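Written below as structure tokens is the structure these notes are about.
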2 protein chains.
Amino acid sequence: MKKTAPNRSSSRLEKMKREMMKAVRTTPLFHSLSDEEWRDVVQYLHGHTYPEDAYLFFQGDPPDALYIIWKGRVKLVRHTSQGRDVVVTVLGPGQLIGEMAIFDGRPYSMSAIALEDTAVVTISRHDLMAIIQRHPAVSFHVILELNRRLRLCTELVRSLAVDRVEQRIARALLRLMDLGGTPAPEGEGIMIDIHLTRQDIAEMTGTTVETAIRVMSRFRKEGLIRNYKGRTILLDPERLEKIARGK
Amino acid sequence: MKKTAPNRSSSRLEKMKREMMKAVRTTPLFHSLSDEEWRDVVQYLHGHTYPEDAYLFFQGDPPDALYIIWKGRVKLVRHTSQGRDVVVTVLGPGQLIGEMAIFDGRPYSMSAIALEDTAVVTISRHDLMAIIQRHPAVSFHVILELNRRLRLCTELVRSLAVDRVEQRIARALLRLMDLGGTPAPEGEGIMIDIHLTRQDIAEMTGTTVETAIRVMSRFRKEGLIRNYKGRTILLDPERLEKIARGK
DNA sequence: CGTTTGCTTGATACGTATCAAAGTTGGTGG
DNA sequence: CCACCAACTTTGATACGTATCAAGCAAACG
């Protein structure tokens, strides 16, 4: 596996960059900054793009930068010594990657992999530290974001500890719907517009491919979900919600 | 179960309070403050004590304050709708409780229960918000603390997803040793000086009492641990370490 | 003391992992 | 356009870990 070099096509680069910055400006982390503060911050931002399946960074790398997703979706994967991986979360536009490693300076505890063509804005570790000292509003939103993540993580712990696979998968599908849901292109239901293999689902829910498949087949037979060109369509979110909460 | 009222015995209260404040001053959250800054902060701090088994707050309560442990140990328990609980973590002196709820304003996502007689310092939600705005050094340490917690939580997720009960219990014992370990009073080994039932261990590792007991009995028969007046003594931490990492 | 609370052990059932093999899909190059 | 390959999906048989249920025991407690 090779780290894919950021792809900087030079034509129209400036225009794209301005557009990107404008989008980042509206991100929770920065939206409460005054114009003046923003002018201070913006000089430290850099844009990068990655193709599908590219690694933004590897577990174990020293932390170099904070990533803010602009376009695309990214999964965070924790590799284990015995080969089995855990997909800790899937993130989308506006969300942060790499904060953990940035703040405590320890190596990235997971790898970040683009699930589709992805564009990000980065801030180097050094610059971010400086920005935080100067702008309490940014600190504050960092706190809120870490907090949100901690809450989600705690919920995941509970789910792994007490729920059965069926419930965990239902839960995962609903979370993915929130993140990447669009109305299904034909018929009713909501499509999860993210390229995910059954392996990914299994790794998100702490189970094996085979079990994930068996559970999803059962869901399909019961009319809860449908497959469409490699994507999953949720036909009955209410019912899934019930299953997620243990019937 | 009733929320136990803070116990304010009035004699020597002032002396104890000063002592408490001095201890809190050295806590990661505040130790980098200048004397002047500290003088600003200290006026917002309040002391409380709780007897063993008392609830500091309940899951679902609206968040009123941040707690900083001064003395004693506290477990954070997530109650589930089907009666099974999950002990998310055990915290000791210097550590924070309730940050999550404080920052996003949503109800406490777990209950905090004193494992022994415990003294804490609290800051009301409102005051903490003000302090954070005024003192970037405090913000920064809040970020570091949230970050540490997130890392631990992520590790717990991995462990629940891929490790077997035996490994999870070994891991839990080692973590508890770091938190509440003292040299064993007789013979060698390190004693976990915290009152924990097998039920607690089970809830920390996402299993049932019976299974927790079976695993720990096996550990005992293999000379890895020993029981001493309701406490657990680790006789062979190296071996436990190996088991935690999957032999 | 009896009663509660926590600990322990055994028998059994169930969920899920594991191993094996075959079917399906999408992409690639001839 | 088709054949082929690799990656992914699916199904089945079996084994294993852990939950569940039941019961007895010990220590702490009012």
Side-chain angles (χ1 to χ4, degrees), chain A residues 1 51-53 75 80 82-87 113 115-116 159-170 172 192 194-222 225-233 243 246-247, chain B residues 1 51-53 75 80 82-87 113 115-116 159-170 172 192 194-222 225-233 243 246-247:
Chain A
M1 286 188 283
E52 184 173 343
D53 290 332
K75 66 176 173 180
T80 73
Q82 301 106 318
R84 253 180 83 180
D85 293 349
V86 180
V87 174
I113 307 167
L115 282 168
E116 50 203 9
S159 182
L160 285 168
V162 315
D163 294 345
R164 286 188 277 135
V165 172
E166 190 183 53
Q167 301 177 52
R168 302 206 299 265
I169 289 183
I192 296 172
I194 305 176
H195 179 73
L196 287 172
T197 66
R198 307 287 152 152
Q199 181 71 44
D200 288 320
I201 302 280
E203 288 172 4
M204 289 184 69
T205 52
T207 184
T208 57
V209 208
E210 295 94 328
T211 300
I213 283 169
R214 276 185 246 268
V215 170
M216 292 184 71
S217 293
R218 201 161 63 233
F219 284 172
R220 181 158 39 77
K221 279 170 200 149
E222 290 170 6
I225 65 177
R226 193 158 59 82
N227 294 343
Y228 175 79
K229 295 189 182 173
R231 309 274 140 124
T232 299
I233 295 175
I243 291 173
K247 293 219 153 157
Chain B
M1 284 187 281
E52 185 174 342
D53 289 332
K75 67 176 174 182
T80 73
Q82 302 106 317
R84 252 180 83 179
D85 293 348
V86 180
V87 174
I113 306 167
L115 283 169
E116 50 202 8
S159 183
L160 285 168
V162 315
D163 294 346
R164 286 186 277 134
V165 172
E166 190 183 52
Q167 301 177 52
R168 304 207 298 266
I169 289 184
I192 296 172
I194 306 176
H195 179 73
L196 287 172
T197 65
R198 307 288 153 148
Q199 182 71 43
D200 288 320
I201 302 280
E203 287 171 5
M204 289 184 69
T205 52
T207 183
T208 57
V209 208
E210 296 95 326
T211 300
I213 284 170
R214 277 185 246 268
V215 170
M216 292 184 71
S217 294
R218 201 161 63 234
F219 284 173
R220 182 158 40 77
K221 279 169 200 149
E222 290 171 5
I225 65 176
R226 192 159 60 83
N227 294 344
Y228 175 80
K229 296 189 180 170
R231 310 275 137 122
T232 299
I233 294 175
I243 291 173
K247 290 221 154 154

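Since this is a predicted model, take the numbers as computed values, not measurements. A note on names: the letters A, B, ... follow the listed sequences, proteins ahead of strands, and every chain is numbered from 1.
Under the salt bridge (charged side-chain N to carboxylate O under 4.0 Å, His left out) criterion, R164(A) pairs with no residue at all, not counting sequence neighbours. Scored by the side-chain hydrogen bond (donor to acceptor under 3.5 Å, both in side chains) test, T207(A) finds no partners at all (sequence neighbours excluded). The side-chain hydrogen bond (donor to acceptor under 3.5 Å, both in side chains) test applied to Q167(B) returns no partner, not counting sequence neighbours. Applying the salt bridge (charged side-chain N to carboxylate O under 4.0 Å, His left out) criterion to E116(B), with sequence neighbours excluded, gives R73(B). In terms of the side-chain hydrogen bond (donor to acceptor under 3.5 Å, both in side chains) criterion, residue partners of D85(B) (sequence neighbours excluded) are, by chain and number, H79(B). In this structure, the side chain to side chain contact (heavy atoms under 4.5 Å, CB included) partners of A170(B), at least two apart in sequence or on a different chain, are F219(B), L240(B), I243(B), A244(B). Residues that satisfy the salt bridge (charged side-chain N to carboxylate O under 4.0 Å, His left out) test with R84(A), not counting sequence neighbours, are absent from this structure.
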Expected string for nucleotides 5-23 of chain C under the B/S/- scheme (protein heavy atoms, under 4.0 Å, primed atoms plus P, OP1, OP2 as sugar-phosphate) is --SBBBB---SSSBB----
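Regarding M216(A), its CE atom lies at a distance of 8 Å from the P atom of dT10(D), rounded to whole Å. The CG-C1' distance, from D53(A) to dG26(C), rounds to 14 Å in whole Å.
R168(B) and D163(B) get closest at one heavy-atom pair: NH1-O, 3.0 Å.
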Indicate every side-chain donor-acceptor pair of residues 225-232 of chain B with a distance under 3.5 Å to a residue at least two apart or in another chain.
| unit_1 | atom_1 | unit_2 | atom_2 | d |
| --- | --- | --- | --- | --- |
| R226(B) | NH2 | E186(B) | O | 3.3 |
| N227(B) | OD1 | R198(B) | NH2 | 3.4 |
| R231(B) | NH1 | D193(B) | OD1 | 2.6 |

Between N or O atoms, less than 3.5 Å apart, protein on one side and nucleotides 24-30 of chain D on the other: list the pairs.
none

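For the helix from dC1(C)-dG30(D) to dG30(C)-dC1(D), the end axes, each set by the C1' atoms of five terminal pairs, are bent relative to each other by 40° (nearest 10°).
Within the structure, the salt bridge (charged side-chain N to carboxylate O under 4.0 Å, His left out) test picks out the following pairs touching residues 200-211 of chain A (sequence neighbours left out): K75(A)-D200(A).
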